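Here is the structure we will look at.
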Amino acid sequence: MSTLIIFVLLVALMLTGMPISISLGLTVLTFLYVLTDVPVEAVALKLFTGIEKFEIMAIPFFILAGNLLTHGGVAKRMIRFATSLVGHWHGGLGLGAVLACALFAAVSGSSPATVVAIGSIMLPAMLKAGYPMRFGAGVVASSGALGILIPPSIVMVMYAVSTDSSIGALFMAGVIPGLILAGMLLFTTWYRARKAGYPREPRASWRERFIAFRESIWGLLLIVVVMGGIYSGLFTPTEAAAMSAVYAFIVVVFVYKDLSLKDIPKVLLSSANMSAMLLYIITNAVLFSFLLTYENIPQAAAEWMLTAGLGVIGFLLAVNLLLLLMGNFMEPSSIILITAPILFPIAMKLGIDPIHFGIMIVVNMEIGMITPPVGLNLYVASGISKLGLTEMSVAVVPWLLTMLVFLMLITYVPEISLWLPRTLGMLS
Amino acid sequence: MPIKILDRLEEIFIALLMASATLITFIAVVHRYLASSDLPIESVQDWLVQLDLSWAQELTIILFVWMAKFGAAYGVRTGIHVGVDVLINRLGDQKRRFFILFGLFAGALFTAAIGTLGAHFVWGNGAHYAWLSWQGLDIGDVPEGPVTPDLEWPTWVVYLAIPLGSFLMCFRFLQVAWHFYGSGDLPHHDHGFVLGNTDGSNDDMHPKDMKGAK
């Protein structure tokens with residue numbers, strides 16, 4: 001009964017359009033105040049302890065690093081390098097865009113940032129080369145989703161924080177799925193471009209490729225800093241995030257000189273703005289999950305699920321459907337923070353690996369970002385391409401289907417996610 | 001005019017918090033490796049070894065908690081807080097106007113409640129004690145309140161971020177509501193802001209304002 005009240009209240013408040021963080025908090029306060037005799041001090045205490053974890057602080061650091069890189073010309077150099085590698089095949093610039101998104105995803109933890117960084121340069125270039133706008137916008141919006149699958153990833157940090165999983169293991173687990181998805185997106189792009197007869201670029205010589213590589217090396221080294229640092233145990237993920245922010249600052253301001261020192265306060269402020277929004281959702285989601293635990297809802301849901309006889313396969317399918325549906329209305333961080341406390345205990349009881357489960361959720365979130373009405377990537381790409389949201393939604397369909405196939409692969413073949421972290425000894 | 005000064009202070013404050021947290025974590029990591037590696041100059045090495053930066057992690061957390069609370073208030077002003085606006089963006093102007101105001105007042109109500117709870121907590125966990133001892137009054141059995149583990153700062157000072165940030169946020173909600181009531185405008189956050197494109201928000205995560213409405 002109380003489960004019903006809690007969720008009806010939450011959904012009703014959310015549908016009025018108030019911020020998700022506020023709906024979560026108000027649900028908790030109203031429920032505790034009206035229907036229970038939990039001392040409200042318990043809530044106050046939770047508010048203070050909600051975000052006092054060093055792991056959570058990786059989020060603002062990654063956002064800062066990402067913002068510095070987006071504003072600077074790191075993306076431009078990565079695009080040049082990517083295009084020199086794959087530009088001579090069918091739909092060369094489209095392939096270059098996918099590869100550049102994959103490279104940028106490896107230094108940035110956010111999908112929309114990847115779309116902005118790559119799309120704002122690549123879309124005009126593709127249009128000039130004679131590609132239809134739809135094709136370009138579709139490629140960029142969907143490959144931008146790689147941003148949260150290829151580490152570092154803010155969404156993975158969210159999952160790790162709300163389920164007490166290892167951020168390092170999750171990051172490693174994202175590498176191979178990320179490469180596979182990039183490969184699949186490349187194939188879809190190539191196939192569609194060949195059928196439509198889109199232009200190819202002149203083949204770059206190895207010398208040109210080397211020059212393009214050397215140009216982009218400073219950005220690419222960031223991958224070594226983050227992943228190498230975490231894997232070797234040199235830094236914790238949060239420290240790696242801070243190091244990458246400082247590194248990005250040095251590269252952008254002193255090496256590439258794309259930003260001057262006086263631009264930095266603006267970047268700091270916009271990063272703080274975005275981080276505070278996410279941290280505020282976390283604080284309130286912590287309150288919400290306290291309420292769920294207090295009402296024994298996760299345990300009840302787990303028992304119900306087990307007695308209903310829904311096996312691993314059925315459960316994972318149900319989770320995928322639920323997350324895809326929610327992905328149509330909310331953004332990834334909120335979805336993970338709200339659903340993880342309930343879904344995670346069930347997954348554990350069914351013997352699903354927490355890291356595999358996390359990667360599966362992240363892939364769902366990627367798809368959510370390119371499905372209407374709420375798809376952050378669609379929205380960002382429509383801002384760049386000036387295509388309407390409806391047209392954007394149609395434009396991404398081929399890649400969306402590719403990603404759905406990929407989701408099935410990830411869901412039912414756990415080894416794709418687990419092999420690398422296990423081989424590296426990061427899983428127990 | 002005083003509001004403009006408050007706006008500016010708020011911006012400088014959260015940008016500084018962001019910058020200092022990054023610097024402190026960076027310095028702590030560099031220090032940890034320099035102190036444990038063999039440096040050619042012995043005096044530098046000795047100085048590094050005695051320098052204790054074990055509090056860096058705690059300070060980073062405190063800085064970010066403050067940034068989160070004040071940044072959330074700033075976020076109300078910039079319209080960055082995401083919601084589910086699929087439904088209300090499809091309603092007529094009159095109804096949407098009602099729901100937007102409802103949402104803003106709900107925000108003000110929630111932050112006021114949290115601010116009050118937070119203020120009580122801070123008062124009971126050391127602020128009262130600090131006040132009494134500062135005034136030289138009889139302390140009685142008012143608790144002194146705990147201190148943080150590494151820096152040994154009184155926790156109530158750290159937690160002051162909650163009431164201060166929440167009340168500021170409450171004020172921001174009312175300010176936005178007042179402005180919306182008068183002009184029909186809402187602040188909009190643009191996720192593609194690097195490009196400087198100024199198209200209105202159509203992402204269904206933020207409510208559409210009343211621009212162009214009759």
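Here the structure is a predicted model, which means the values were calculated and not measured.
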Checking [X] against chain A: side chain, backbone, both or neither under 4.5 Å from a heavy atom?
X         : result
Ile14(B)  : both
Thr155(B) : neither
Phe173(B) : side chain
Ala113(B) : side chain
Tyr33(B)  : side chain
Val29(B)  : side chain

Let's test your reading of the structure: which of [options] forms the most heavy-atom pairs below 4.5 Å with chain A?
options                                 : value
Phe99(B), Phe102(B), Tyr74(B)           : Tyr74(B)
Ile12(B), Leu23(B), Ile62(B), Ile88(B)  : Ile88(B)
Ala68(B), Gly103(B), Gly75(B), Gly71(B) : Ala68(B)
Ile61(B), Asp85(B), Leu17(B)            : Ile61(B)
Ile24(B), Val30(B), Leu87(B)            : Leu87(B)

Search all heavy atoms of [X] against all heavy atoms of [Y] and return the closest pair with its distance.
X         : Y         : value
Met67(B)  : Ala276(A) : O-CB, 3.9 Å
Pro265(A) : Ala15(B)  : O-CB, 4.4 Å
Thr22(B)  : Ala242(A) : CG2-O, 4.1 Å
Glu331(A) : Val82(B)  : CG-CG2, 3.8 Å

Need one label for [X]: side chain, backbone, both or neither, based on atoms under 4.5 Å from any heavy atom in chain B.
X         : result
Leu26(A)  : both
Ile281(A) : side chain
Phe329(A) : both

Point to revise | Salt bridge flag under 4.0 Å for residues Lys266(A) and Glu11(B) | key: no
Check your understanding: From Met18(B) CE over to Leu269(A) CG, what is the distance, rounded to the nearest 0.5 angstrom?
Key -> 10.5 Å
Point to revise | Near-ring test Phe26(B)/Tyr247(A), centroid separation under 6.0 angstrom | key: no
Review point. Hey, does the side chain of Arg32(B) reach the backbone of Leu234(A) with a donor-acceptor pair shorter than 3.5 angstrom?
Key: yes
